[in-house]
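Data block below; observations after.
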Amino acid sequence: MAVSSGNGLRAVEKAVALMREGKDVVEAAVEGVAIVELDPNDMSVGYGGLPNENGVVELDACVMHGPTMRAGAVGALQNIKTPGRVARAVMQHTDHVMLVGAGALAFAKAVGFEESNLLTEASRKAWMNWKSRLSKDDDWLDDDEIAKDFAAKGGDLPTTKRPTGTITCLCLNAKRELGGCTSTSGLAYKVPGRVGDSPIIGAGLYVDGDVGAAGSTGRGEANIQVGGTRVIVENMKRGLPPLDAIMNVLKRVCDQTRTERLLKSKGKPNFNLTYYALRKDGAVAAASIYKGGTYAVNDGETNKHIELAYLFEN
Ligand code: GLY
């Protein structure tokens with residue numbers, strides 16, 4: 001079976017098909033995720049992802065393999081459409097876990113990945129729209145025409161909002177082996193070089209081959225500060241069901257969010273964060289701080305979206 005974020009319905013279907021063919025759990029997760037990375041219409045992941053503040057797309061991804069407990073990751077990777085595959089190559093071809101920036105790109109080229117421009121016309125326009133509205137005191141004119149253009153095409157692209165979309169995919173095969181991949185273009189319009197939670201083992205993804213796997217989407221900074229997926233897997237190891245294991249960490253995130261600009265009221269952050277958990281026996285859960293959204297599951301028979309559990313209604 002495979003579990004993914006809401007944008008991963010095609011990913012879980014592909015991952016299960018690959019596991020049926022006997023492909024390794026990490027390969028299944030990576031190739032499922034690659035469908036979304038290569039989709040220019042998903043502006044939170046891979047090709048067509050929203051860029052940094054300079055208009056450059058920088059991607060983060062990681063993989064972890066339960067049977068061997070090995071991992072690979074890339075941060076702030078430019079010009080390669082499928083950072084999940086590069087993260088897998090880091091795991092397979094090096095004695096390191098994480099490569100970042102220029103080093104990650106040089107590595108990717110060395111092992112055969114092709115460079116390309118990741119900024120699509122839609123993501124370039126979204127960035128220019130954000131940039132032109134930043135301040136009344138700079139030399140960029142606010143351009144309402146850009147927003148109108150998106151509206152005319154029926155899109156709901158961000159204007160001043162800065163989304164943090166991501167995909168995570170957790171896989172369990174018939175031998176009860178676990179693996180996963182998380183991939184993102186990160187926080188839209190971030191400071192160049194910003195690395196979120198997605199490529200960090202124990203934050204964006206953690207897999208313990210004897211226990212279970214967990215992945216995350218949402219505000220990366222908050223997740224890094226609690227080491228969320230590592231704690232979720234530890235919670236499952238000490239006997240908590242997947243949903244309780246997640247809720248415990250979401251409550252910690254709320255408790256540990258103490259900076260006023262990140263709070264909308266006491267104990268309630270002004271951001272969302274979602275965790276996904278898959279236990280070695282096939283038990284699954286996913287939950288967010290706030291109500292809304294779905295996650296994707298393929299249990300080997302059906303491919304479906306399921307509503308996310310949540311801590312707060314709104
Ligand atoms: N969770 C994605 C990010 O914050 O970059």
Side-chain angles (χ1 to χ4, degrees), residues 5 30 33-34 36-40 42-64 71-120 123-124 126-127 130-131 158 162-169 180-206 215-225 227-229 271 273:
S5 35
V30 164
V33 163
V36 183
E37 290 176 329
L38 291 167
D39 179 355
D42 189 313
M43 297 177 84
S44 69
V45 178
Y47 174 53
L50 291 170
N52 68 21
E53 68 179 10
N54 293 340
V56 178
V57 181
E58 290 186 329
L59 305 176
D60 300 334
C62 75
V63 298
M64 191 161 183
V74 288
L77 174 66
Q78 298 180 8
N79 294 359
I80 307 287
K81 286 181 175 172
T82 53
R85 288 177 179 160
V86 183
R88 178 183 52 186
V90 171
M91 180 180 81
Q92 286 174 335
H93 297 296
T94 78
D95 190 36
H96 305 316
V97 169
M98 182 184 272
L99 298 176
V100 301
L105 176 57
F107 165 79
K109 284 160 58 179
V111 296
F113 286 86
E114 264 179 34
E115 275 192 273
S116 55
N117 177 18
L118 305 184
L119 198 65
T120 57
S123 55
R124 186 193 64 74
W127 165 64
W130 169 81
K131 189 176 166 70
R162 302 173 60 210
T164 51
T166 296
I167 182 168
T168 189
C169 184
C181 176
T182 299
S183 179
T184 191
S185 52
L187 179 65
Y189 325 129
K190 60 196 171 187
V191 174
R194 179 260 189 190
V195 170
D197 58 329
S198 301
I200 296 179
I201 300 300
L205 177 72
Y206 194 74
S216 78
T217 60
R219 183 178 155 83
E221 281 74 7
N223 184 29
I224 293 169
Q225 283 160 339
T229 58
F271 56 83
L273 184 60

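Because only heavy atoms are used, hydrogens play no part in the values below, and waters and symmetry mates are left out as well, while side chains stay in. For this chain, numbers begin at 1 and follow the sequence in order.
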Could you tell me whether the side chain of T184 reaches within less than 4.5 Å of the side chain of I167, counting heavy atoms only? no
Side chains of V74 and L59 in contact at under 4.5 Å (non-hydrogen atoms): no
Using every non-hydrogen atom in the two residues, find where G75 and A104 come nearest and quote the distance to one decimal. O-CB, 4.5 Å
Here the pair of heavy atoms bringing P199 nearest to G196 is CD-O, 3.4 Å
Give, for atom CG of N117 and atom CG of N79, the distance between the pair rounded to the nearest 0.5 Å. 7.5 Å
Taking the side chain as every heavy atom from C-beta outward, state whether L105 and I80 have any pair of such atoms under 4.5 Å apart. yes
Taking every heavy atom of L273 against every heavy atom of A222, the minimum-distance pair comes out as CD2-CB, 4.4 Å
Can E37 and T82 be counted as having a side-chain donor-acceptor contact under 3.5 angstrom? no
Looking at side-chain heavy atoms only, is the closest gap between D60 and L77 below 4.5 Å? no
What is the distance from atom CE of M98 to atom SG of C62, rounded to the nearest 0.5 Å? 7.5 Å
What heavy-atom pair brings L205 and C181 nearest, and what distance separates the two atoms? CD2-N, 3.8 Å
Filter on side chain to side chain donor-acceptor pair (under 3.5 Å), then keep only pairs touching residues 191-206, sequence neighbours left out; what's left? R194-E221, D197-S216, D197-N223
Indicate the ring-plane relationship of F107 and H93, choosing parallel, tilted or perpendicular according to the 30° and 60° boundaries. tilted
Could you give me the CA-CA distance, side-chain angles and deciding distance for V97 and V90, then say whether side-chain contact (heavy atoms from CB on, under 4.5 Å) is met? CA-CA 7 Å; V97 169; V90 171; 6.0 Å; no
Could you report the tightest heavy-atom contact between G55 and L119, atom names first, then the distance? O-CD2, 3.5 Å
How far apart are the closest heavy atoms of W127 and E53, and which atoms are they? NE1-O, 3.0 Å
Less than 4.5 Å apart, side chain to side chain, heavy atoms only: is that true for K81 and L118? yes
Report yes or no: does T217 contribute a side-chain atom to a donor-acceptor pair with the main-chain N or O of T166 at less than 3.5 Å? no
Donor-acceptor pair, distance only, cut-off 3.5 Å: does the side chain of T229 make one with the backbone of A203? yes
Residue list, side-chain contact (heavy atoms from CB on, under 4.5 Å) with D39, at least two apart or on another chain: R10, N41
Quick one: OG on S185 to NZ on K190, what's the gap to the nearest 0.5 Å? 6.5 Å
Would you say V111 and Q92 make side-chain contact, with heavy atoms under 4.5 Å? no
